[in-house]
Structure formats: structure tokens, C-alpha cells
Amino acid sequence: MTNNVSQRNPMKKTLITLLALAVIGAIAYEQRTDIMLAMIKYKVSREVFAESRELPWQQGPATAELEADKRPPNIILIVADDLGYNDISSLGGGITRTDGSIVQTPGIDRLAAEGVVFNQSYSGASTCAPSRAMLMTGRYPTRTGFEFTPTPDGMGSMVARIYNEMDNNLPPTIFDASADKGKPTYELQGLPAEETTLAEVLNEQGYYTAHIGKWHLGNDGDMGPHKQGFDDCLLMTNGLYLPENDPNVVNAKIPFDPIDQFLWAALGFSNSFNSGSSDQFEPARYLTDYWTDESVKVIKANKNRPFFLYLAHWGPHTPLQATREDYEAVGDIKPHRKRVYAAMVRAVDRSVSRILKTLEEKGLADNTIVMFTSDNGGAGYVGLPESNSPFRGWKITMFEGGLRVPMFIRWPKHIPAGKTIDTPVAHIDVMPTLAAAAGAPAPKGVEIDGQNILPLLNDETNWPRQTLFWQNGHYQVVRHGDWKLQINDRPTDGLQTWLFNLEEDPTEQHNVSNEYPEKVNELRQLLANHQANARKPLYEAVTQIPVMIDKTLMDKFDAGVEYVYTPN
């Protein structure tokens, strides 16, 4: 009897253990994404960065050989990240309080009022990195091969997994594991060193050149800013504006956005100086303000010689983090994420005000070109429907909401205040324009796609260009005159075509592709010609993400809702 009991007890214990393991395994499988994100966050939390330090910016001469207004112009290019066209108060003021009053952007508004406003200004792409490549080179991806936005290692597969687990009815997000395995690491996915950047052109012209902030064109090898023409570079090497538990930060997480979930797990709080992704240290304070502090130092240190400052802000890109001061200052705004977003825009706007004030204090304002833009339109995954109003679409789509961006230029010595220009311009025009303003010759042996837009500022009527192109794999767009064609070969249900006459329908409400088949064919031929001798992408797309055009990601997808598939 005793032997039978002793034999049954071990068997019973084994069964209980197996059952417990099965339950634990089932729970772990059900929560596998959360567990993977937690593992990423734990790994990041173990990283230790050096304390903030005083940066050794190059110091210009103590006295100037020529007065400020007799030198070549100083140049400051300020780029916001994912700033919606309607987020600026002078362009509509999409950020409103609960009482209906608009959150003002006085610094950016002042820049616009004292310079030129381009009423039809376009980003180079609907995502950030290709736009930045076009800002720096003036060349299309068909020439550079820099077509898709690099993402941190592991991000593509994780974001695709989260998308497909969410209950939003969207078509599936597609992840290509084989293409992902063949790519270089994130730090080495960048603009080839043989490309000629605006910084290199201005450096050859005798300019001191400084980069502060986001680069996103490769950090290591010969791809970092300090290897691509910039004398000094304070480089964004992570993505938090402050540590998540900092007593001065207000955070807003976005549960319906897979990208946001990944960023909160994967990002730390660090920069580097002239060293790529190595030798990282913590910024001294809230990232937008810290970069502005250092920009002011650059201006003051180089006030006696021509300089080019590229201030590439991270704000108001997610993760949404604001200082408590800005959060309180913007007032009662609902929902919480919109209030944090408004506070972040306030910080970017304050940066512009401080730059303009410093130029005035140092007697540099009249002969300094200050240019402001955003890398693309506002992102629908933040869930703020008014951000790009009145235009349809978001970042990642190539409807006007994804491509239309603010573009202002102030140069008091040469540009009359309050001027507006309706001619379409784009990010590919920035490099040749600023190079021409500096008196720099075009780089030898390099075909530049952009145009010098300075003649437009002097009422030039014989404008030579009629056509602009955008591309992201199978998603391709051409604007020719007032006609705009979009084609998107969706992997789930085939080719979608949109044709709009932007003069009659500037917000793309009426797709007339069926009414004008000859125009569709004409514009498709322009796209074919543009692609005829195109360079292959440097790095293949690994994801295909469905993006609704008229709804944000906080809304559920319903049958009949228009959407695009965007490769990246």
C-alpha cells in the first residue's frame, strides 16, 4: 500500500508541474510582446552615460575683418520634426484650448512675418530621413539611393508585431525578415560619403559649419555629420527629451500607436559630440532647450565670421514629453497627449525666438538667413485630427497633409518682409538656394535636382520648373503644374490611383482619375521617365504599413476607408 502511494505522489507532482509550466507558457505567449518590450527597456536601463559636459565649440576670431553686413550671410537652418502645417498659429492654429483659443507660436510667426512665406512648400518625402537627405544634397533618391528611413535594430519586426496584435481592424502590416537580415546596422544606414552636402559646399566657401540635433543619415563610419562637412556636431544619439522619471517632465504615452510603444522601451537620454554614436553623455536639460542653449553659444562664438548652423530639432516628434513649465503655460487642453504636444511645440517656438533675439543682440540679424521648415507633415499616429488641416493625410502618406510643410526665409538685408510666394518649392531646393546665397559655386560633377529659389524672392516670373517627384518604393507621386498623381500598389488589393487638380481642389477631396485617363497616362509617363535610370535603394524596405488617409490611428478602420500601404 505504501509503495503504491509513493509511486502515485511523484506522478501527481510531475503532472502538476507540467500543468503549471503549460499555464505559465500560455500566459507568456499571450503576453510575449509586452515581455519583449520589457526586455528591451531593461537592457536600455542598464546603459550608463557620462554626465553632461561643457562642449568645445570652435571659437571664431576675436575681431572681424569685415563688418557683419559686408560679409557673406550667416545661415541658420531650423528643422522641426513631424510638425503639422496647422500647428503654427499664423497658418491656422490647430492647437486649441478647451475654450477655443489658439495656442500661439509667436517666434515662428515672427519669422514668417519678417520674411517670405512659401504658400506651396513641400517636404522631400513623407518620412523624415529621405527629406533630410534632400535638404543636405538637393538630390532625389533616384540619384542618391537614400529612399527609406532607417529604423533602430529590431524596430521593424517589433512594430509590425504590435500593429498586427492591435484591435483596430486595419489590414495587416507586412514584415520582410529576409530583407531585414541583409541590412547594415542602424548606425551604418546612411547617406553615402561620396554625396556632397550643403555643409561641405559652405565649408569650401570659408564658412564655419555646426550641426546640432537630429541627423538620421548614418552616425558611424564616414556618415556622421562631423564626417560630412560639419566642423562641429552635437548629435542626437537617443530619443528621450528627459529621463522618463525626471521630476520636471510630463509624459504622454499613446497606447494605440505601436511606434510609440517601441520608442518608450528602446530610447535613452544621450547625445555625443564629434564622435558618432560613441562617447555618449547626458544633455544638460530638456532636449529642445539644451540644443537651443548650445546654438546660442555657437552664434556668439562665431559672430565675427560667416557660419552655417543646422539646428535639427527632435520636437515635436514622439515620445511626447514636455517640461512642467510648458505644460502649465499652454493651459487647459484635452486630451492629455494634445496638451503635452502643445507644450512641445511651445518649446520649439521658444527656440526660434531665442535664435532671433541672439542675432539681434550680436548685430547679426540683417545679414543672417534664417530658414524654418519641418521634415514632413504631422503624424496621424499621435491622434490629433486637426494637425494638418485643411489638408488630407498624414506623415507616411503623400497626400498634401503628409508633404505640405511650412517654409519661411528671413534675410532682412535682401528680402522684404511680409512677402508670400505661390510657386511650389520643396526641400530639394534648400541646398542650391543657400549655396547660391553664400556665393558658393555648384559642386563639380554633381547633378542637383533642386532649384535656386532666390529669383522667386525678386519676383522672377520665368520659373523653369513644372514638375516635382516623390517616391517610397511602390508608392510614387508626381506634381506637374497643378496636376498631382499618386499611385500605390497595395500588396493586399492591387493598384490604387488618385488624380487631383490642386488649383481647383487644393485639399484633394475629389479623385478625378477616372474622368481624365489621358492626364493619368501623361503623368505616369513622367514617373516612368524619372525612374528610368534610377539608382536602386541603398537599403531595402522591410515593412509595409497601412495608413488611413482621413482618420488618425486612434480611430478604427472600416470597410471603404481610403488608405495607403507605405514601404519602409
- Just checking, is any N or O donor in the side chain of Gln486 or Tyr475 under 3.5 Å from an acceptor N or O on the other one? yes
- Item | Arg139 bridged to Glu447 by N-O distance under 4.0 Å | no
- Evaluate side-chain contact (heavy atoms from CB on, under 4.5 Å) for Val542 paired with Thr151, printing each intermediate quantity in order. CA-CA 10 Å; Val542 300; Thr151 57; 5.5 Å; no
- Note on the structure: One should read off an interatomic distance between Thr137 OG1 and Ile448 CD1, to the nearest 0.5 angstrom, of 6.5 Å
- Task: Establish, from distance only, whether the side-chain atoms of Gln525 and Asn529 form a donor-acceptor pair under 3.5 Å.
- Result: yes
- Query: Looking at Asn219, Asp220, Thr237, which one forms a side chain to side chain donor-acceptor pair (under 3.5 Å) with Ser277?
  - Reply: Asp220
- Message: Less than 3.5 Å apart, any donor N or O on the side chain of His313 or Thr288 sitting next to an acceptor on the other?
- Response: no
- Side-chain H-bond candidate by donor/acceptor type, Gln120 with Arg479, under 3.5 Å: yes
- Under 3.5 Å, is there a donor-acceptor pair between the Thr543 and Asn568 side chains? no
- Do the rings of Trp215 and His211 sit parallel, tilted or perpendicular, given the 30° and 60° boundaries? perpendicular
- Could you tell me whether Asp153 and Lys183 have a side-chain N and a carboxylate O separated by less than 4.0 Å? no
- Task: Measure up the His216 and Tyr186 rings against each other and bin them: parallel (under 30°), tilted (30 to 60°), perpendicular (over 60°).
- Result: perpendicular
- Task: Using a strict 4.0 Å threshold on nitrogen-to-oxygen distance, state whether Lys227 and Glu200 make a salt bridge.
- Result: no
- Query: So, for Val425 and Asp429, which heavy atoms are closest and what is the spacing to 0.1 Å?
  - Reply: CA-OD2, 3.5 Å
- Answer yes or no on whether Arg404 is positioned over the face of Tyr122, meaning its NZ or CZ is under 6.0 Å from the six-membered ring centre and within 45° of the axis. yes
- Task: Measure from the ring center of Tyr565 to the ring center of His474 and say whether it is less than 6.0 Å.
- Result: no
- Answer yes or no: is there an ion pair linking Glu508 with Lys484, defined by an N-O contact shorter than 4.0 Å? yes
- Task: Give me the one residue out of Thr149, Asn376, Thr127, Asp81 that meets side chain to side chain donor-acceptor pair (under 3.5 Å) with Arg132.
- Result: Asp81
- Message: Quick check with a 6.0 Å cut-off and a 45 degree axis cone: is Lys253 positioned over the face of Trp264's six-membered ring?
- Response: yes
- Assert yes or no for the condition that the ring centre distance of His480 to Trp483 is strictly below 6.0 Å. no
- Check the side chains of Gln509 and Thr507 for a donor-acceptor pair under 3.5 angstrom, ignoring hydrogens and angles. yes
- Query: More than 12 heavy atoms of other residues, nucleotides or ligands under 6.0 Å from CG of Asn533: is that the case?
  - Reply: no
- So, Phe399 versus Trp394, ring centres under 6.0 angstrom or not? no
- Do any N or O atoms from the side chain of Asp222 and from the backbone of Gln228 form a donor-acceptor pair under 3.5 angstrom? no
- Message: I'd like to know whether CG of Asn514 has more than 12 heavy-atom contacts from other residues, nucleotides or ligands below 6.0 angstrom.
- Response: no
- Considering all heavy atoms, the nearest Pro150-Gln189 contact: CG-O, 3.4 Å
- Message: Whether the Tyr163 and Asn168 side chains hold a donor-acceptor pair (N or O, under 3.5 Å, no angle test) is what I'd like checked.
- Response: no
- Item | Donor-acceptor side-chain pairing of Glu386 and Asn86 below 3.5 angstrom | no
- Assess whether atom CD of Glu194 is packed by more than 12 heavy atoms of other residues, nucleotides or ligands within 6.0 Å. yes
- Could you tell me how the ring of Tyr140 sits relative to the ring of His530: parallel (under 30°), tilted (30 to 60°) or perpendicular (over 60°)? perpendicular
- Query: Does the side chain of Ser270 come under 3.5 Å of the side chain of Asn238 through a donor N or O and an acceptor N or O?
  - Reply: yes
- Take atom CZ in Arg490; do more than 12 heavy atoms of anything else shown fall under 6.0 Å from it? yes
- Query: Is the ring centre of Phe281 less than 6.0 Å from the ring centre of Phe49?
  - Reply: no
